[in-house]
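Okay, so here's the structure we're looking at.
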2 protein chains.
Amino acid sequence: MDTDKVFKALGDPTRRRLLDLLCDKNGQTLGQLCENLDMARQSATQHLGILEEANLVSTVRRGREKLHFINPVPLHEVYERWVRKFERQRLSLLHDLKKELEGE
Amino acid sequence: MDTDKVFKALGDPTRRRLLDLLCDKNGQTLGQLCENLDMARQSATQHLGILEEANLVSTVRRGREKLHFINPVPLHEVYERWVRKFERQRLSLLHDLKKELEGE
DNA sequence: CAGATATGCAGGTAAATACCTGCATGTCAA
DNA sequence: TTGACATGCAGGTATTTACCTGCATATCTG
């Protein structure tokens with residue numbers, strides 16, 4: 001997994017909205033997704049391309065349409081390899097501050 | 001929590017590195033963090049400012065030094081409100097594809 | 001086939017971003 | 001107090017990014 005691509009992809013509100021839309025109804029076409037976006041179709045295409053690059057979205061062509069499917073795996077991996085690392089520490093800001101100010 | 005600030009902050013590899021460094025040893029000074037970064041001190045200051053804006057890092061001054069502490073709460077909230085939403089769906093790409101191609 | 005529909009592709013631009021240099025300020029320690 | 005040290009602040013620049021418009025291609029439908 002390319003961690004950087006995933007985080008960069010999630011760093012834009014439009015792309016998070018796209019994932020939300022796909023979460024509500026998976027397998028939507030580009031046109032359907034655009035109806036909820038308030039920007040040119042071509043812009044949405046670029047965002048979807050970035051999500052696809054990050055492997056957060058997969059696509060299949062059906063005739064002249066392109067169907068978009070959300071892929072939750074990278075999100076789970078981000079959580080497993082990244083978020084939990086910090087949670088595991090059970091870092092208490094106040095506790096650390098106290099120790100630090102007391103000269104450890 | 002400002003979700004956008006958190007995701008934007010996490011979208012840069014230098015800032016993720018800073019969080020990693022603080023995870024290894026909490027409460028480091030700006031100078032200490034810079035030793036591991038290979039960029040000008042002033043650039044690191046900007047990155048740390050963005051992390052602080054996103055509430056991912058808190059700081060305390062001790063004399064002429066500034067101590068940096070990681071705050072795991074926004075990461076946990078990102079997970080709770082965002083990542084789990086997609087996991088909960090138990091989205092199976094192949095399953096969805098099959099349904100879609102069969103005309104639902 | 002012809003027209004409508006869905007998407008792809010090629011630039012172009014304004015704003016945001018990630019760096020930098022130079023200098024100022026504040027704190028410690030002899 | 002004075003010099004060393006840690007950080008703050010003010011720009012400047014090159015790259016990236018998020019939009020756009022215009023046109024091309026492919027597919028369905030009558």
Side-chain angles (χ1 to χ4, degrees), chain A residues 2-22 25-54 56-69 97 100-101 103-104, chain B residues 2-22 25-54 56-69 97 100-101 103-104:
Chain A
D2 188 329
T3 307
D4 193 50
K5 282 186 181 175
V6 174
F7 275 109
K8 279 234 166 67
L10 294 174
D12 181 89
T14 299
R15 290 192 285 271
R16 291 196 301 279
R17 175 113 177 85
L18 281 167
L19 291 179
D20 270 333
L21 289 169
L22 288 178
K25 183 177 188 316
N26 212 10
Q28 293 188 65
T29 67
L30 174 58
Q32 287 176 306
L33 292 168
C34 281
E35 286 171 19
N36 295 284
L37 276 195
D38 193 42
M39 71 174 50
R41 171 185 56 81
Q42 290 89 334
S43 306
T45 300
Q46 289 184 320
H47 285 299
L48 287 166
I50 289 169
L51 288 170
E52 205 171 343
E53 269 289 303
L56 286 161
V57 162
S58 297
T59 61
V60 176
R61 285 210 76 115
R62 188 180 57 182
R64 62 183 162 179
E65 291 174 323
K66 189 173 189 179
L67 308 178
H68 297 79
F69 297 87
L97 274 180
E100 186 60 43
L101 293 171
E104 204 119 349
Chain B
D2 188 329
T3 307
D4 193 51
K5 281 186 180 174
V6 174
F7 276 109
K8 281 234 165 68
L10 294 174
D12 181 89
T14 299
R15 292 193 283 271
R16 291 198 300 277
R17 175 113 178 84
L18 281 166
L19 291 180
D20 272 333
L21 290 169
L22 289 179
K25 183 179 187 317
N26 212 11
Q28 293 188 66
T29 67
L30 173 60
Q32 288 176 306
L33 292 168
C34 279
E35 286 170 18
N36 296 285
L37 275 194
D38 193 42
M39 71 173 52
R41 171 185 56 80
Q42 290 89 335
S43 305
T45 300
Q46 291 185 319
H47 284 300
L48 287 166
I50 289 169
L51 288 170
E52 205 171 344
E53 268 290 303
L56 286 161
V57 162
S58 298
T59 60
V60 176
R61 286 210 77 113
R62 187 180 57 182
R64 62 183 163 181
E65 292 175 323
K66 189 173 187 179
L67 308 178
H68 298 78
F69 297 86
L97 273 181
E100 186 60 43
L101 292 172
E104 206 116 348

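Residue numbering restarts at 1 for every chain, and letters A, B, ... go by the order of the sequence lines.
- Taking NZ of B:Lys66 as the start and OG1 of B:Thr45 as the end, the distance is 7.5 Å to the nearest 0.5 Å.
- Atoms CD (B:Gln42) and P (D:dA6) sit 14 Å apart, rounded to a whole Å.
- Between the CD atom of B:Glu65 and the P atom of D:dG8 there is a distance of 12 Å, given to the nearest Å.
- The two residues A:Arg41 and A:Cys34 have their closest heavy-atom pair at CA-SG, 3.6 Å.
- Listed by residue number, there are no residues of residues 3-16 of chain B with a heavy-atom contact under 4.0 Å to DNA chain D.
- Taking the side chain as every heavy atom from C-beta outward, A:Leu48 and A:Leu51 approach each other to under 4.5 Å.
- In this structure, B:Arg62 places its CZ atom 10 Å from P of D:dT7, rounding to the nearest Å.
- When atom types are taken as modelled, the side chain of A:Arg62 and the backbone of A:Thr29 share no donor-acceptor pair closer than 3.5 angstrom.
- If A:Arg64 and A:Gln46 are placed on DNA chain D by their nearest nucleotide, the residue sitting closer to the 5' end is A:Gln46.
- Remark: C1' of D:dT7 and CD of B:Gln28 are 16 Å apart, rounded to the nearest angstrom.
- One finds a side-chain N or O of A:His47 lying less than 4.0 angstrom from the OP1 or OP2 phosphate oxygen of D:dC19.
- Residue A:Val6 comes nearest to A:Ala54 through the heavy atom pair CG2-O, 3.7 Å, listed as atom of the first residue, atom of the second, then distance.
- Contact of the B:Asn36 side chain with the B:Arg17 side chain is registered, since non-hydrogen atoms from C-beta on lie closer than 4.5 Å.
- Extent of DNA chain C lying under 4.0 Å from chain A heavy atoms, first and last nucleotide in 5' to 3' order, is C:dA4 to C:dC9.
- Each end of the helix from C:dC1-D:dG30 to C:dA30-D:dT1 yields a helix axis from five base pairs, and these two axes differ in direction by 30° (to the nearest 10 degrees).
- Side-chain atoms of A:Arg16 come within 3.5 Å of backbone N or O of A:Leu10 as a donor-acceptor pair.
- Two residues, B:Ala44 and B:Arg41, neighbour DNA chain C, and the one matched to the more 5' nucleotide by heavy-atom proximity is B:Ala44.
- For the pair B:His68 (side chain) and B:Thr59 (backbone), a donor-acceptor distance under 3.5 Å is absent.
- Taking CG from B:Leu67 and CG from B:Leu22, the interatomic distance works out to 10.5 Å, rounded to the nearest 0.5 Å.
- Closest heavy-atom contact between B:Ala9 and B:Leu56: CB-CD1, 3.9 Å.
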Worked verdict on A:His47 versus A:Met39 for side chain to side chain contact (heavy atoms under 4.5 Å, CB included): CA-CA 11 Å; A:His47 285 299; A:Met39 71 174 50; 3.9 Å; yes
